[in-house]
Amino acid sequence: MNEVLIEGRRLRLRRANVTDLNYIMTLQFTPENLKFIVPFNREYHHAIIASDGSEKLDVIVEELDSGSSVGYFMLRKMDSPCVEFTHVIIGRKGLGYGREALNLLLKWAFEMKDFHRVWIDCKDYNKIVLHLYESLGFVREGFLREYLLTNGVYENLIVLGMLDREYFSTD
Ligand SMILES: CC(C)(COP(=O)(O)OP(=O)(O)OC[C@H]1O[C@@H](n2cnc3c(N)ncnc32)[C@H](O)[C@@H]1OP(=O)(O)O)[C@@H](O)C(=O)NCCC(=O)NCCS
């Protein structure tokens with residue numbers, strides 16, 4: 001039985017299960033996604049899926065019409081007031097699914113789960129996702145200089161956050 005977090009106009013967010021592992025691994029290691037994320041291995045995802053889901057969650061973004069998987073997120077630190085969204089990946093790009101899925105995830109986090117704060121990070125040159133995060137209301141909070149070593153090159157990370165009162169003030 002798939003545990004549904006929330007449904008929207010076109011998409012459903014549901015907890016991943018073992019049958020989603022191939023999809024999650026493929027999405028992470030697709031070159032156009034891999035350059036913007038730090039992938040985890042299959043065992044790591046398997047452990048998240050097998051866990052009680054109280055601290056980390058692997059989430060599948062699914063089209064309501066077709067039932068197909070179109071993206072994947074990971075949530076971390078769910079046992080604190082400050083949840084982290086990470087591994088934001090949409091497989092079917094450019095259809096507005098990223099915006100819709102993140103809006104649903106914010107609604108779930110603040111309206112259904114009462115988190116105080118949501119935070120997220122991205123590489124400083126990931127202009128598409130920076131535009132998306134900021135247009136959703138995330139605020140730039142930090143700049144971690146030369147934080148990630150990728151193929152011998154140190155890369156900068158931008159940290160963004162949204163507080164519950166900021167989320168509710170945009171209604
Ligand atoms: C970033 C990502 C999640 C966005 O998902 P998406 O479904 O393609 O995005 P959407 O269609 O919802 O578009 C969101 C915004 O980005 C813009 N955008 C999307 N693709 C774009 C592109 N190729 N060039 C420029 N802008 C683009 C859209 O115009 C839209 O902005 P707008 O509403 O102001 O017009 C997706 O591209 C992705 O998986 N990228 C690779 C992994 C990644 O970078 N993850 C983030 C890690 S922090």
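Keep in mind that the numbers below use all heavy atoms, side chains included, and drop hydrogens, waters and symmetry copies. Each ligand, and each atom within it, is numbered from 1 in the order the structure gives.
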I'd like the atom pairs linking ligand 1 to the protein - N or O on both sides, separation under 3.5 Å - with distances to 0.1 Å.
| unit_1 | atom_1 | unit_2 | atom_2 | d |
| --- | --- | --- | --- | --- |
| ligand 1 | 7 (O) | Gly98 | N | 2.7 |
| ligand 1 | 8 (O) | Gly94 | N | 2.9 |
| ligand 1 | 11 (O) | Leu95 | N | 3.4 |
| ligand 1 | 11 (O) | Gly96 | N | 2.7 |
| ligand 1 | 12 (O) | Gly98 | N | 3.2 |
| ligand 1 | 12 (O) | Arg99 | N | 2.9 |
| ligand 1 | 31 (O) | His131 | NE2 | 3.1 |
| ligand 1 | 33 (O) | Arg99 | NE | 3.2 |
| ligand 1 | 33 (O) | Arg99 | NH2 | 2.9 |
| ligand 1 | 34 (O) | Arg99 | NH2 | 3.4 |
| ligand 1 | 34 (O) | His131 | NE2 | 2.7 |
| ligand 1 | 39 (O) | Ile90 | N | 2.9 |
| ligand 1 | 39 (O) | Ile90 | O | 3.3 |
| ligand 1 | 39 (O) | Lys93 | NZ | 3.2 |
| ligand 1 | 44 (O) | Asn126 | ND2 | 2.8 |
| ligand 1 | 45 (N) | Val88 | O | 2.7 |

Quiz item: With sequence neighbours excluded, what pairs up with Tyr23 under the side chain to side chain donor-acceptor pair (under 3.5 Å) test?
Solution: none

Self-check item: Test salt bridge (Lys or Arg N to Asp or Glu O under 4.0 Å) applied to Arg12 - qualifying residues, sequence neighbours left out
Solution: Glu7, Glu62

Quiz item: Which class fits the ring pair Phe36 and Tyr125: parallel under 30°, tilted 30 to 60°, perpendicular over 60°?
Solution: tilted

Self-check item: Exam field: side chain His87 to backbone Val38, donor-acceptor pair closer than 3.5 Å
Solution: yes

Quiz item: Which residues satisfy the side chain to side chain donor-acceptor pair (under 3.5 Å) test with Asp114, sequence neighbours excluded?
Solution: none

Practice problem: Give the ring-plane orientation class for Phe115 versus Trp108, where under 30° counts as parallel, over 60° as perpendicular and anything between as tilted. | Solution: tilted

